[in-house]
2 protein chains.
Amino acid sequence: MNVTGHTRRPASIRDVATAAGVSYQTVSRVINGHPSVRPATRERVLAAIDDLGFRRNATALALASGRSRAVTVLTANTTHYGYASILQGIEEAARAASYSVGIGVLESAAEDTVAAEVRRAADAGDGLIVIAYDPAGVRALDTAPGLSADLPVVGVVETPASPPGGDRPWVWTDDREAAYQATRHLLSLGHETVHYVAIPSSTRRTSARTTGWRQALKEAGASEPRPVQGSWSPAGGHAAGARLAADPAVTAVLCGNDDLALGVLRALHEAGRAVPDEVSVAGFDDAPHAAYLTPSLTTVRMDFTGLGRAAFALLHGVLEKSAQVAPRPVSVPELVVRESSGPPPARG
Amino acid sequence: MNVTGHTRRPASIRDVATAAGVSYQTVSRVINGHPSVRPATRERVLAAIDDLGFRRNATALALASGRSRAVTVLTANTTHYGYASILQGIEEAARAASYSVGIGVLESAAEDTVAAEVRRAADAGDGLIVIAYDPAGVRALDTAPGLSADLPVVGVVETPASPPGGDRPWVWTDDREAAYQATRHLLSLGHETVHYVAIPSSTRRTSARTTGWRQALKEAGASEPRPVQGSWSPAGGHAAGARLAADPAVTAVLCGNDDLALGVLRALHEAGRAVPDEVSVAGFDDAPHAAYLTPSLTTVRMDFTGLGRAAFALLHGVLEKSAQVAPRPVSVPELVVRESSGPPPARG
DNA sequence: GACATGAATGTGACCGGTCACACAAGGCGC
DNA sequence: GCGCCTTGTGTGACCGGTCACATTCATGTC
């Protein structure tokens, strides 16, 4: 144990070598667990390492080995529950694998902003995970390969519209299926149709959640109202909800996430429409607050941290060829029925 | 512009040098804007840089210069709104200063867990920001200097109990004052006293918010109920709220954050106690959902991203001595009165 | 016209690791 | 007793930058 407080420059392998009376290469061998080092020598080196408080310099290691054992996460936002949970899942898995995690926030979807962030990420780590639920993320995911040829990129995406997209390095939960189930749940309660307040779609066309909703309506032969474009926030949900509340025909609303649902609930309340007696509302994500709202929110539970872990695992597999490039990890969200959904009011 | 797709090893300054017909040192000078380079030479070098798509290798730079222009943020959680916002503020400021941000999650407050994370942080970047609102963060903040002598550490903390703590590199918002104001608000509405549901205290004794609450009660000559120990989550608030709801004497509840308040609201609802008619509730943070709850939540708005930016600014000042070590940045939270607080019920 | 001065550029060492290779000593086969 | 393989260890170059110092040439000064 080193007790000298004023360790100026931290000890290098050469310092350790001198202290142990061996060459720096031998120290390197000990550090890396190379077999052919005589036990006695190893002991001496380990003692010196301990004594000098040696820690392997990550920067030098990165320069020499060409790999930094660091990944960068690009996201449009760190505060949304889903995004934050994914990040936490990534960090957890990365930590377990002794990788460090860097983070970059995409402040806009503008091409140059995104490009700048991707480049920063490219020379900060040796892999990139993009949370691509929104236009900024999608653009990053699209342009990254072009901007930095040999930077492995993994995307956390919505359920891809087309069949599993060849072998793109993507992870997702089946939110199309989840939206389908949530919609069916509402229809099965007796609602004639289900309105939808959408999160901003990641693709130019329409989001996976929208697709699942639409599919359920179609199968049930229900009419398909125009989705209301929301944002990610309660404020967006509130605006959308206000419009829906004004239409007496609306009896069931599915929301792209729980924050939107919260805004919708509020708008319905302000319009004097009772939930679930007059209108049913369902959300998406099962954020921590969903269960504690009044009425508590029927929603779809998403395993975001699991998604984050899977994203890292996939990237890890690419970075260390050894690790198998895991079979596309897809988890299935689970519908959680609470107070906010119920049968429609008897026909007036 | 380089159009060759297969850039094997990326160009180094020596490649650029050869291409431009100068020495690598001249390239280095151009990159760093050294004055004494003949304009014509500079042009040639710049052309070569552009042509080869040269990007300065961050790792080599870090090794040679001894500084990596990276900071690490240590936090117990990335999903809480406050924490996530602080992180976002840090990232924003760091990006503006061309620093990259790494993140480490403290999974427990156990000594070795924390120590391991601090060490990882120490050799990942050249500065550390610790979000120290909870035991894990506090321990990290406390032990970091001992674990890694010359690693600059900045703490995002609760309002320190003692006078500004010498010259500790800390940033905070005056949440003691905020709690004081929120409590006074409730008292001024006519409540005899205000109950408090606490977030886990960061110190062994009591949190700044608790102190502010206590101070307001004392000044008003109100009785001081035992604070109810909550967690950070709605679930914790719900448990605490259930207990408080059972006591008819309770007419006003201040909560350590908005998630707790949400749980308390729910518990009161379940107990059949109307808010604000029978019981007033106030939160802390002004999370995005606070305004959209029913009833909407009276709370204290905290400038978390500003706090994050300040934390980075402080660390930045330490890292680059040039930058002034900003005067301790303290922002003042603002009380936002909404529907959840009102006068107590007329004495029955 | 000799010499100090400064601008423009190049050379070598270094940061702290890794890798490829050289080399000495010991065990084994024949 | 010689060659040969294996084990243990050391040497030198390298990763891609920076820094300190040397060098060249043009200019100004007396």
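Chain A is the first sequence line, chain B the second, and so forth, proteins listed ahead of strands; every chain is numbered from 1.
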Over how many whole Å does the gap from B/Arg42 atom CZ to C/dT9 atom C1' extend?
13 Å
Go through the N and O atoms of the side chain of A/Arg9 and the base of C/dG16, and report whether any donor-acceptor pair is under 3.5 Å.
no
Measure distances between side-chain N and O atoms of B/Arg14 and base N and O atoms of D/dG17, and say whether any donor-acceptor pair falls under 3.5 Å.
yes
With the side chain defined as heavy atoms from C-beta on, A/Ile13 is closest, among D/dT18, C/dG10, C/dT18, to C/dT18
Does OP1 or OP2 of C/dC15 have a side-chain N or O of B/Arg67 closer than 4.0 Å?
no
Side chain of A/Thr26 only, heavy atoms from C-beta on: which candidate in D/dT9, C/dC15, C/dG17 is closest?
D/dT9
So, is A/Asn57 near the phosphate of C/dC15, with a side-chain N or O under 4.0 Å from OP1 or OP2?
no
From B/Ser23 atom OG to B/Arg29 atom CZ, the distance as rounded to the nearest 0.5 Å:
6.5 Å
Across the strands shown, which category fits B/Arg29 at heavy-atom distances under 4.0 angstrom: base, sugar-phosphate, nothing?
base
For B/Tyr24 and A/Phe54, find the nucleotide of DNA chain C closest to each by heavy atoms; which residue's nucleotide sits nearer the 5' end?
B/Tyr24
Please give, in whole Å, the distance from C/dG16 P to A/Gln25 CD?
17 Å
Sugar-phosphate, base or nothing in reach of A/Ser65, heavy atoms under 4.0 Å:
nothing
Between A/Asp303 and A/Ser331, is there a side-chain donor-acceptor contact under 3.5 Å, judged purely by atom types and distance?
no
Within the structure, does a side-chain N or O atom of A/Ser28 lie under 4.0 Å from either OP1 or OP2 of C/dC19?
no
Is the phosphate of C/dG10 approached by B/Ser23 (side-chain N or O, under 4.0 Å from OP1 or OP2)?
yes
Salt-bridged, A/Arg95 to A/Glu92, with N to O below 4.0 Å?
no
Would you mind telling me which of D/dG16, C/dG10, C/dT11 lies closest to the side-chain atoms of B/Ser12?
D/dG16
Would the distance check show the side chain of B/Ser85 and the main-chain N or O of B/Tyr81 forming a donor-acceptor pair, the cut-off being under 3.5 Å?
yes
With a non-hydrogen cut-off below 4.0 angstrom, is A/Thr59 in contact with a base, only sugar-phosphate, or nothing?
nothing
May I ask you to check whether A/Thr79 and B/Gln88 show a side-chain donor-acceptor distance below 3.5 Å?
no
